[in-house]
Protein chains: 2
Amino acid sequence: MTNCSCDSFFVNFSNKARLNIMLLLKTRACDVTTISRNLKIEQSLVSHNMTKLLSCNLVQSKREGKTKIYSLNKKVALPILDIYEKNILKNCCSICKNEKKK
Amino acid sequence: MTNCSCDSFFVNFSNKARLNIMLLLKTRACDVTTISRNLKIEQSLVSHNMTKLLSCNLVQSKREGKTKIYSLNKKVALPILDIYEKNILKNCCSICKNEKKK
DNA sequence: ATAACATATGAACTATATTTCATATGACTA
DNA sequence: TAGTCATATGAAATATAGTTCATATGTTAT
């Protein structure tokens, strides 16, 4: 964990890759290769992104043999992911759709 | 309102200027000049930012004579601002402090 | 209609973030 | 310890976001 400024925190949610990683980790803890295969994100990019998520305390990691298992820090991440899934996903997109119809 | 993708939504919170604008609007509705003076952000930059906030339905606006009054769309913005103020601001920064001590 | 104030817009510039690739490091097994 | 698999890292390239400035547009009052 290096640095997490109070505004760098939300950057993690404004990036599709990291958002999807968190949504995946919400369902189960995963190693890097699993994340990479599931989300079709190149391995080193996953690692780079995990560093950013770690630095803002959004995930935790533990070594397990050769692999490294990442899990969601639910206390920190879930409140925002929940808002995202329950409200924004619907509101935001329906707003766009409505606007486009006009 | 133009376009608000589901991941562009959080970009609004990951930018100091827009975050501060929302925190100001949380306390009271303001016109552009007032925002600009209060937060020491150049006028045209405030306008650019208001466009982005509008496009994600985070603020509303109404003309009032020469000025345009922006107000926070509390239903959409407050849940996240509250998390920011109550948790992230403290957690995030204290985490950084603790890490730096090591 | 013109002047004065308020806000918006577009284009050029600057700064940051994302992505990729090559390669280093770490961990297990034969 | 050499080989293999898993992950991390740094630097370069690319993409996206933020900022500034000049100026256009909108609104009111004279």
Side-chain angles (χ1 to χ4, degrees), chain A residues 1-25 28-56 58-72 99, chain B residues 1-25 28-56 58-72 99:
Chain A
M1 279 182 220
T2 45
N3 65 325
C4 170
S5 74
C6 295
D7 59 300
S8 77
F9 181 85
F10 284 109
V11 175
N12 287 302
F13 294 88
S14 64
N15 174 276
K16 271 202 185 84
R18 288 191 295 272
L19 195 56
N20 287 330
I21 289 171
M22 284 191 277
L23 291 173
L24 173 59
L25 295 183
R28 64 178 189 282
C30 291
D31 59 42
V32 173
T33 305
T34 305
I35 295 171
S36 177
R37 283 187 190 145
N38 265 270
L39 301 178
K40 287 149 183 44
I41 303 171
E42 194 255 340
Q43 177 271 316
S44 75
L45 183 51
V46 173
S47 280
H48 281 302
N49 280 326
M50 296 326 284
T51 302
K52 293 186 184 178
L53 291 171
L54 267 177
S55 80
C56 284
L58 286 162
V59 299
Q60 295 137 332
S61 70
K62 63 165 183 235
R63 263 280 164 198
E64 203 156 278
K66 289 192 264 196
T67 70
K68 200 159 171 185
I69 310 289
Y70 284 95
S71 57
L72 194 67
E99 289 302 318
Chain B
M1 283 181 219
T2 44
N3 65 324
C4 169
S5 75
C6 295
D7 59 300
S8 77
F9 182 84
F10 284 109
V11 175
N12 287 302
F13 294 88
S14 64
N15 173 276
K16 270 203 185 85
R18 286 192 294 274
L19 195 56
N20 287 329
I21 288 171
M22 285 190 278
L23 291 173
L24 172 59
L25 294 183
R28 64 177 190 283
C30 290
D31 59 44
V32 173
T33 305
T34 304
I35 295 171
S36 177
R37 283 188 190 145
N38 266 270
L39 301 178
K40 286 148 186 42
I41 304 172
E42 194 255 340
Q43 178 270 315
S44 75
L45 183 51
V46 173
S47 280
H48 282 302
N49 280 326
M50 297 325 285
T51 302
K52 294 185 183 177
L53 292 172
L54 267 178
S55 79
C56 285
L58 287 161
V59 299
Q60 296 138 329
S61 69
K62 63 165 184 231
R63 263 280 164 197
E64 203 156 276
K66 289 192 265 195
T67 71
K68 200 160 173 183
I69 310 291
Y70 284 94
S71 57
L72 193 68
E99 289 303 318

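These numbers come from the heavy atoms of this one structure, side chains and all, not from hydrogens, waters or symmetry mates.
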Exercise. List the steps, then state whether side chain to side chain contact (heavy atoms under 4.5 Å, CB included) holds for B/Val46 with B/Leu39.
Key: CA-CA 10 Å; B/Val46 173; B/Leu39 301 178; over 6 Å; no

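- At a threshold of 4.0 angstrom between heavy atoms, the contacts of B/Thr67 are confined to the sugar-phosphate backbone, with no base atom among them.
- Interatomic distance, B/Ser55 OG to B/Asn12 CG, rounded to the nearest 0.5 Å: 6.5 Å.
- Proximity of residues 12-24 of chain A to DNA chain D (heavy atom under 4.0 angstrom from any strand atom) is not detected for any residue.
- A straight line from CE of B/Met50 to P of D/dG18 spans 14 Å, rounded to a whole angstrom.
- With sequence neighbours excluded, the residues satisfying side chain to side chain contact (heavy atoms under 4.5 Å, CB included) with B/Lys62 are B/Glu64, B/Ile69.
- Rounded to whole Å, atom C1' of C/dA6 lies 17 Å from atom NZ of B/Lys62.
- Remark: B/Phe13 pairs with A/Phe10, B/Phe9 by the ring pair (Phe, Tyr, Trp, His ring centres under 6.0 Å) rule, at least two apart or across chains.
- The shortest side-chain heavy-atom distance between A/Thr34 and A/Arg28 falls under the 4.5 Å cut-off.
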Quiz prompt | Letter per nucleotide, 5' to 3', of nucleotides 20-30 of chain D [B base touched, S only sugar-phosphate touched, - untouched; heavy atoms, 4.0 Å] | solution = BBB----BS--

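- OP1 or OP2 of D/dG18 has at least one side-chain nitrogen or oxygen of B/Lys52 nearer than 4.0 Å.
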Quiz item: Yes or no on side chain to side chain contact (heavy atoms under 4.5 Å, CB included) for A/Lys66 and A/Asp31, after CA distance, side-chain angles and deciding distance?
Solution: CA-CA 10 Å; A/Lys66 289 192 264 196; A/Asp31 59 42; over 6 Å; no

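- A/Leu54 has its CG atom 10 Å from the P atom of D/dT9, to the nearest Å.
- You'll find the side chain of B/Thr67 stays beyond 4.5 Å of the side chain of B/Thr33, heavy atoms only.
- The phosphate of D/dA6 (OP1 or OP2) has no side-chain N or O of A/Tyr70 nearer than 4.0 angstrom.
- Atoms CD1 and OG, on B/Ile41 and B/Ser47 in that order, are 11.0 Å from each other to the nearest 0.5 Å.
- Taking five base pairs at each end of the helix from C/dA1-D/dT30 to C/dA30-D/dT1 and finding the rotation axis that steps the C1' atoms of four pairs onto the next four gives two axes whose angle is 20°, to the nearest 10°.
- Between the CG atom in B/Asn49 and the CG atom in B/Leu19 there is a gap of 11.5 Å [rounded to 0.5 Å].
- Atom CG of residue A/Asn20 and atom CG of residue A/Asn38 lie 11.0 Å apart, to the nearest 0.5 angstrom.
- Contacts of residues 29-37 of chain B with DNA chain D (heavy atom under 4.0 Å): none.
- Taking CE from A/Met22 and CZ from A/Arg18, the interatomic distance works out to 7.5 Å, rounded to the nearest 0.5 Å.
- Remark: B/Ile21 CD1 to B/Leu72 CG distance equals 11.5 Å, nearest 0.5 Å.
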Quiz item: For A/Leu24 and A/Cys30, what are the C-alpha separation, side-chain angles and deciding distance, and is it a side chain to side chain contact (heavy atoms under 4.5 Å, CB included)?
Solution: CA-CA 8 Å; A/Leu24 173 59; A/Cys30 291; 4.1 Å; yes

